[in-house]
Every structure is written in structure tokens, then in C-alpha cells.
Amino acid sequence: MAEELHIAQGGKEEKYSLLHKQITALLEGENDAIANMANVAAMIHHTFGFWWTGFYRVIDGELVLGPFQGPLACSRIAYGRGVCGTAWKEAATQVVHDVDKFPGHIACSSASKSEIVVPIMKNGKVTAVLDIDSEHLATFDETDRRWLEMIVELL
Ligand code: SME
């Protein structure tokens, strides 16, 4: 069991390490925020096969849907609402092992079981969030948090 866990963790570390290098290279050649969010969402999504991977941007006091991969999602989320609105309000990553136990979780899809939301900060303010949903419970852990926080710093 410990061995299996180690292998699984190692696989994740290696995937994120490669992803971080690829995203660094990609962003060096492009400075348009939407183009970069679109490619970053696609790269994360297809590396891990998540259920939904995308961005919400802070526009006029709301989170507005940005580039994503996966099924249809809510277009707008209010400050402090759901996992995304909480990540914005607290300016802190939210790792949710079971979305049904998160007060106020916004269910864009009943298939979503666990979630991670990472805020993107510019000059001390949240300007967007990266939201990833999984159709499995407890998909995200400290490894995801650490790497995804490093990845959004590249944006
Ligand atoms: N579940 C999110 C809403 C966004 S969708 O999952 C894509 C939330 O509670 O903030």
C-alpha cells in the first residue's frame, strides 16, 4: 500500500514537473492572457484527464467564466459563493475532498465529486482563479496544491 502510494505520488510529481516546463516554454512566446489560459487549461486537463479544468476571471465584482476544458459551466459566480468565490474571498487555495460537504458548493455538474481552486494574484489582488473538478472523491492533495500554485504564478 505504501509502495503503491509512493508510485502514484511519483507519477503525479513527474507529470507536474514536465507540465511546469512545458507551460514555462509556452508562455515565453505569448503574452495574451486569454490565449495562455486556454492552452494552460488544455494542458492540465489532458495531462491528468480531469472532469473540468478552467479559469474564472474577476470582472466588475464577479467571477466570469474564462477558457476551460470540459462540459458547460456556470457563467458567473458571486464573491464568496461556492468553492471558487471562497478562494477569491480568502485569497487562498481551496482543496475540497468531497464537494457535497462544502457549504455552498455550486454544482455545475452532479458528476463532480472533488475540487481544487487556486487563486491567481497580481499586485496582492485576486484577478482570476483556476478551478479543477474531478469525478472522483479526494483527487487533490498537497502535491496538486504546490504545483498548481507554481503553475498559476507563470500566468
Ligand atoms: N463548483 C464550483 C463552481 C464552478 S464549476 O464547478 C466549473 C464552485 O463551487 O465554485
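Count residues from 1 along the sequence. Note that the structure is predicted; figures quoted are calculated from it, not measured. Each ligand, and each atom within it, is numbered from 1 in the order the structure gives.
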Hey, does the side chain of [X] reach the backbone of [Y] with a donor-acceptor pair shorter than 3.5 angstrom?
{"X": "Ser114", "Y": "His136", "result": "yes"}
{"X": "Arg76", "Y": "Leu65", "result": "no"}
{"X": "Tyr16", "Y": "Ile151", "result": "no"}
{"X": "Glu62", "Y": "Val64", "result": "no"}
{"X": "Trp147", "Y": "His20", "result": "no"}
{"X": "Asn36", "Y": "Asn39", "result": "no"}

Nearest protein heavy-atom contact for [atom]: which residue, which atom, what distance?
{"atom": "atom 10 (O) of ligand 1", "answer": "Cys84 N, 2.7 Å"}
{"atom": "atom 5 (S) of ligand 1", "answer": "Cys108 SG, 3.1 Å"}
{"atom": "atom 8 (C) of ligand 1", "answer": "Val83 N, 3.3 Å"}
{"atom": "atom 3 (C) of ligand 1", "answer": "Ile106 O, 3.6 Å"}
{"atom": "atom 2 (C) of ligand 1", "answer": "Glu115 OE2, 3.1 Å"}
{"atom": "atom 6 (O) of ligand 1", "answer": "Asp133 OD2, 2.7 Å"}

Looking at ligand 1, does Tyr56 have a heavy atom less than 4.0 Å from it? yes
Provide the closest heavy-atom pair for Trp51 versus Ser109 in the form atom of the first, atom of the second, distance. NE1-OG, 3.4 Å
Note: ligand 1 atoms sitting under 4.0 Å from heavy atoms of Gly82 are 9 (O), 10 (O)
Taking N or O atoms only and a 3.5 Å limit, does His105 qualify as a polar contact for ligand 1? yes
Any idea which part of Asp131 is under 4.0 Å from ligand 1, heavy-atom wise: side chain, backbone, both or neither? side chain
Contact region, Trp52 to ligand 1, non-hydrogen atoms below 4.0 Å, reads side chain
Just checking, is any N or O donor in the side chain of Glu115 or His97 under 3.5 Å from an acceptor N or O on the other one? no
